[in-house]
Amino acid sequence: MGLLVEVVNEMVLYSLDFDVKARDFDSAGEVSSNLRSVLKQLSLNPDVVRRSCIACYEAEMNIIIHSYGGHMEIEIFGDKIRITAEDTGPGIEDIELAMKEGYSTAPEEIREMGFGAGMGLPNMKENSDFMDIKSSKNGTTVVMEILFK
Amino acid sequence: MRIKVVELVEKGFRLVAGDNGIDKEIEGVYICDLLSWVMAHAKAKSAWITIQTHVNIVAVALLAEISCIIIPEDAKLDEEAKKKADEEGIPILSFTGTSYEAAITLYEMMK
Ligand SMILES: Nc1ncnc2c1ncn2[C@@H]1O[C@H](COP(=O)(O)OP(=O)(O)OP(=O)(O)O)[C@@H](O)[C@H]1O
Ligand SMILES: [Mg+2]
């Protein structure tokens with residue numbers, strides 16, 4: 001029985017795939033809004049829904065603001081959600097520094113829109129149970145998992 | 001005391017978008033113009049006061065489970081934001097006074 005549960009939990013029950021365009025502020029938040037309606041339909045715990053959506057939104061915005069474009073994949077398992085955000089772009093030079101609250105390289109015109117508080121990566125860390133960032137001069141990949149618990 | 005978004009309309013707030021969300025309850029007020037700060041700290045069911053008027057405020061409100069957005073000082077809402085708020089049922093209200101005046105009006109109503 002234990003084994004069966006494990007096998008079921010490791011199966012992807014649902015998966016979503018989105019392209020995210022750089023600087024496309026008009027459709028910004030589409031990925032996260034879509035994720036929200038899927039998670040609501042699955043009647044998941046509201047806290048899991050909220051945390052997943054916040055983590056997803058921040059990753060989506062970072063692709064839009066800081067990269068040349070990318071794509072996001074969301075996989076829903078029996079026991080967790082995995083969000084993968086992959087972009088081509090300049091990458092993050094110093095990940096530890098980028099993770100600090102308040103650190104941002106967002107340009108002035110984007111700050112005027114209310115982005116660039118330097119809270120996106122800390123929010124992603126705070127709202128996920130697992131987070132991994134890989135970055136090079138060619139782009140960035142962020143993987144986050146939110147457990148149903 | 002809890003109030004509903006619709007009750008704001010009688011107190012000088014003008015509903016400019018998201019009519020189908022006016023039955024949402026308000027349990028608190030949050031004021032900030034930095035979007036990811038709002039994401040991090042605004043509580044669900046807040047009325048959110050911000051001077052930002054572009055479409056992204058609707059996504060933030062939706063994802064952070066915010067009950068309504070209040071735009072002070074008659075700042076004009078972007079057309080795209082209105083469309084999205086109507087679609088998602090996030091009420092947006094315009095207010096002539098400052099953020100501070102909007103907040104004390106809400107405080108008086110909720111106490
Ligand atoms: N996908 C990415 N590609 C390149 N650089 C990135 C990426 N994501 C984050 N960064 C870098 O890390 C910094 C911190 O990111 P974080 O999301 O915490 O803040 P922000 O996006 O600048 O502001 P906020 O998220 O509060 O609007 C960014 O300013 C940027 O320099
Ligand atoms: Mg960010």
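Lettering follows sequence order; numbering is per chain, from 1.
Residues M39(B) and C53(A) form no side-chain contact, since every pair of their non-hydrogen atoms from C-beta on lies 4.5 Å or further apart. You'll find the side chain of F25(A) reaches within 4.5 Å of the side chain of N56(B), heavy atoms only. Looking at Q52(B) and E112(A), their side chains never come closer than 4.5 Å, going by heavy atoms from C-beta outward.
Counted within 6.0 Å of CD on E109(A), heavy atoms from surrounding residues, nucleotides or ligands total more than 12; the atom is thus considered enclosed. Other residues, nucleotides and ligands contribute only 12 or fewer heavy atoms inside 6.0 Å of the CD atom of E101(A). For CD of E75(A), the number of neighbouring non-hydrogen atoms (other residues, nucleotides, ligands) closer than 6.0 Å is greater than 12.
Side-chain heavy atoms closer than 4.5 Å link hydrophobic residues (I, L, V, M, F, W, Y) into clusters, and following such links, even through other members, never connects V5(B) to V38(B). Cluster annotation: L93(B) is connected to I22(B) through the hydrophobic network of ILVMFWY side chains, with a link wherever side-chain heavy atoms come within less than 4.5 Å. By the rule that hydrophobic residues join a cluster once side-chain heavy atoms approach within less than 4.5 Å of another member, I133(A) and Y57(A) end up as members of one cluster. Transitive grouping of hydrophobic side chains (ILVMFWY, heavy atoms separated by less than 4.5 Å) keeps Y30(B) and I104(B) in distinct clusters. Taking hydrophobic clusters as Ile, Leu, Val, Met, Phe, Trp and Tyr residues chained together by side-chain heavy-atom distances below 4.5 Å, L35(B) shares a cluster with I90(B).
The most heavy-atom pairs under 4.5 Å with chain A, out of V55(B), L34(B), L63(B), come from L63(B). For chain A, the option among A59(B), C32(B), A40(B) with the highest count of heavy-atom pairs below 4.5 Å is A40(B).
The part of E58(A) that comes within reach of chain B is its side chain, from C-beta onward, which places non-hydrogen atoms under 4.5 angstrom from that chain. Only the side chain of N123(A) comes within contact range of chain B, judged by heavy atoms closer than 4.5 Å. Within the 4.5 angstrom heavy-atom criterion, no atom of A81(B) approaches chain A.
With salt bridges taken as basic N to acidic carboxylate O contacts below 4.0 Å, one links K84(B) and E30(A).
Between S36(B) and M119(A), the shortest heavy-atom distance links the atoms OG-CB, 3.3 Å. Residues M113(A) and H54(B) approach most closely at O-NE2, 2.6 Å, considering heavy atoms.
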